[in-house]
Chemist: 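Before anything else, here's the structure in question.
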Number of protein chains: 2
Amino acid sequence: MTEKKEKILKAALTLFTNDGYNATSTSKVSKEAGVSEGLIFRHFRNKEGLLNAILEEGEKQAKVLFADIVMESEPKEVIRKTLEIGQVMKKNPKEAHFWKLQYKIKWETERYGGKKMEPLHMALRNAFEKLGYAQPAKEAELILINLDGMALHFFLDPDFDLEGQVSFLRSKYEV
Amino acid sequence: MTEKKEKILKAALTLFTNDGYNATSTSKVSKEAGVSEGLIFRHFRNKEGLLNAILEEGEKQAKVLFADIVMESEPKEVIRKTLEIGQVMKKNPKEAHFWKLQYKIKWETERYGGKKMEPLHMALRNAFEKLGYAQPAKEAELILINLDGMALHFFLDPDFDLEGQVSFLRSKYEV
DNA sequence: TGTTTTTATGTGAGTACTTACTTATTGTAC
DNA sequence: GTACAATAAGTAAGTACTCACATAAAAACA
């Protein structure tokens with residue numbers, strides 16, 4: 001990975017996340033990266049290839065983030081850690097960039113996100129099962145739906161009180 | 001409102017909702033509407049004006065949709081009707097178009113959606129208060145966050161089981 | 001009423017500029 | 001000196017938007 005290639009990736013992540021994929025031209029990316037436009041196509045073949053490279057990098061980061069939750073054996077801890085994913089974003093802005101980009105791309109291009117949440121879903125299902133909940137699968141799905149809803153507000157509504165909502169949920173689940 | 005003006009609005013609603021705002025050119029809209037491109041600018045001044053016209057029309061529809069919930073006096077009915085908003089979308093595809101566009105625009109352009117959910121939030125807050133919940137405001141916010149999460153899956157995940165999730169939530173709130 | 005004048009609606013070709021992408025050429029490290 | 005990194009200068013197609021002009025509808029006046 002050359003230095004300029006990394007600069008392209010960084011610039012594209014910023015611009016795609018802030019302005020959106022379609023609203024960001026390869027020319028803008030090259031200027032932001034301080035690089036000739038042609039270099040983008042040499043390294044990534046086309047604009048979509050650049051997007052895919054960023055998305056793949058984000059997926060790797062997500063796996064690391066999820067690993068800690070999936071490997072947790074204490075069911076209440078699984079739920080608590082899941083609910084607190086948002087706090088991680090506040091501390092780690094690059095992780096937040098990747099997440100935000102996921103949602104932006106999902107809505108802008110409607111390319112289906114794949115099954116990358118599946119391991120988390122499984123871990124939650126098992127946790128709720130161990131805790132004796134009547135419908136563990138639905139409970140797990142509800143938490144993930146909640147996470148998506150909170151992400152919308154966290155990323156797009158500057159007045160959203162993330163911590164307040166998370167602690168409210170923690171008290172609901174007693175975790 | 002002339003016939004051609006309405007055709008432009010209809011075509012733009014479809015294209016903006018399916019392909020996104022930035023990915024839809026005024027030329028595409030004019031072709032879909034069977035109208036000269038210049039007419040778009042005669043009626044709406046620019047592309048953003050066209051978007052605003054559609055958004056305003058959607059806001060009117062949303063007010064009608066919310067009115068029925070806000071005026072409901074039975075607290076459990078307020079919650080049930082709110083949870084069942086998604087079912088309305090399934091029956092009324094044009095309403096669904098407007099909703100989907102709201103989310104697409106929100107993520108694509110990050111223009112703040114305004115306070116159009118405020119009356120619904122209020123109604124829910126009062127409902128939870130009457131039912132003796134400890135934190136009615138947080139409960140109301142949670143329901144709206146849930147709605148946003150379900151919307152993501154409803155519009156973008158073809159396998160999402162909306163009815164299953166809604167009836168699960170209804171059983172949770174006993175409504 | 002019929003005629004003229006104004007206004008609203010509509011077109012199609014053109015504007016300057018941007019888009020994603022290509023190609024030919026040069027720099028550079030081993 | 002070869003393989004790769006990088007650039008500058010292109011390309012054709014597309015972009016939002018404008019303009020001069022045509023037609024239809026409405027208003028004003030005789």
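In the text below, chain A, chain B and the rest are named by the order of the sequence lines, each starting its count at 1.
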Chemist: With a cut-off of less than 4.0 Å, is there a side-chain N or O of A:T2 near OP1 or OP2 of D:dA6?
Modeler: yes
Chemist: Please walk me through it: do A:N22 and B:Y21 pass side chain to side chain donor-acceptor pair (under 3.5 Å)?
Modeler: CA-CA 9 Å; A:N22 283 304; B:Y21 175 72; over 6 Å; no
Chemist: Rounded to the nearest Å, what distance is computed from the CD atom of residue A:E37 to the C1' atom of nucleotide D:dT7?
Modeler: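 Distance, rounded to whole Å: 12 Å.
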Chemist: Side-chain atoms of residues 166-175 of chain A: list all donor-acceptor pairs with protein atoms under 3.5 Å, sequence neighbours left out, distances to 0.1 Å.
Modeler:
| unit_1 | atom_1 | unit_2 | atom_2 | d |
| --- | --- | --- | --- | --- |
| A:S167 | OG | A:E163 | O | 3.4 |
| A:S167 | OG | A:G164 | O | 3.2 |
| A:R170 | NE | A:V175 | O | 3.3 |
| A:R170 | NH1 | A:E84 | OE2 | 2.9 |
| A:S171 | OG | A:F168 | O | 2.7 |
| A:K172 | NZ | B:E139 | OE1 | 3.1 |

Chemist: Dump the intermediate steps for side chain to side chain donor-acceptor pair (under 3.5 Å) on A:S27 and A:E37, then the final yes or no.
Modeler: CA-CA 6 Å; A:S27 149; A:E37 196 180 351; 4.9 Å; no
Chemist: Decide yes or no for A:F16 and A:K100: does some side-chain heavy atom of the first lie under 4.5 Å from some side-chain heavy atom of the second?
Modeler: no
Chemist: Within residues 40-53 of chain B, which residues have any heavy atom lying less than 4.0 Å from an atom of DNA chain C?
Modeler: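 B:R42, B:H43 - these, ordered by number, are the residues of the stretch whose heavy atoms sit under 4.0 Å from the strand.
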Chemist: On DNA chain C, nearest-nucleotide positions of A:G38 versus A:A23: which is more 5'?
Modeler: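 Closest to the 5' end, via its nearest nucleotide, is A:A23.
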Chemist: Would you mind classifying the nucleic acid contact of A:K4 as base, sugar-phosphate or nothing, using non-hydrogen atoms under 4.0 angstrom?
Modeler: sugar-phosphate
Chemist: May I ask you to say what A:S25 touches in the nucleic acid, namely base, sugar-phosphate or nothing, with a heavy-atom cut-off under 4.0 Å?
Modeler: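 Result for A:S25 = sugar-phosphate.
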Chemist: Tell me: CD of A:E6 to P of D:dA5, nearest whole Å?
Modeler: 13 Å
Chemist: So what does A:S30 hit on the nucleic acid, given a heavy-atom distance under 4.0 Å: a base, only sugar-phosphate, or nothing?
Modeler: nothing
Chemist: Just how far is it from atom CH2 of B:W107 to atom NZ of A:K104, taken to the nearest 0.5 Å?
Modeler: 8.0 Å
Chemist: Along DNA chain C, 5' to 3', what are the outermost nucleotides having an atom less than 4.0 Å from a heavy atom of chain A?
Modeler: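 Nucleotide range in contact with chain A: C:dT19 to C:dT22.
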Chemist: Nearest 0.5 Å, please: how far is CD1 in B:I8 from OG in B:S36?
Modeler: 7.5 Å
Chemist: In whole angstrom, what separates B:L39's CG from D:dC19's P?
Modeler: 17 Å
Chemist: Counting heavy atoms from C-beta on, name the nucleotide in D:dT15, D:dT7, D:dA6 closest to the side chain of A:V35.
Modeler: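 For the A:V35 side chain, the nearest candidate turns out to be D:dT7.
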Chemist: Please enumerate all residues that pass side-chain hydrogen bond (donor to acceptor under 3.5 Å, both in side chains) together with B:K138, with sequence neighbours excluded.
Modeler: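 For B:K138, no residue satisfies side-chain hydrogen bond (donor to acceptor under 3.5 Å, both in side chains) once neighbours in sequence are set aside.
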Chemist: Which residues satisfy the side-chain hydrogen bond (donor to acceptor under 3.5 Å, both in side chains) test with A:D157, sequence neighbours excluded?
Modeler: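 In terms of side-chain hydrogen bond (donor to acceptor under 3.5 Å, both in side chains), with neighbours along the sequence ignored, A:D157 is linked to no residue.
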Chemist: Pull out every residue in residues 7-20 of chain A that has a heavy atom closer than 4.0 Å to any atom of DNA chain C, ordered by number, or say none.
Modeler: none
Chemist: Which pair of heavy atoms, one from B:A23 and one from B:K28, lies closest together, and at what distance?
Modeler: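 B:A23 and B:K28 have their closest heavy atoms at O-NZ, 3.1 Å.
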Chemist: Given the side-chain rings of B:F154 and B:F160, with only the six-membered ring counted for Trp, is the space between their centroids under 6.0 Å?
Modeler: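 That pair fails the under 6.0 Å test.
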Chemist: Test side chain to side chain donor-acceptor pair (under 3.5 Å) on B:Q102 and B:K116 and set out the steps.
Modeler: CA-CA 11 Å; B:Q102 292 284 339; B:K116 86 181 91 71; 3.2 Å; yes
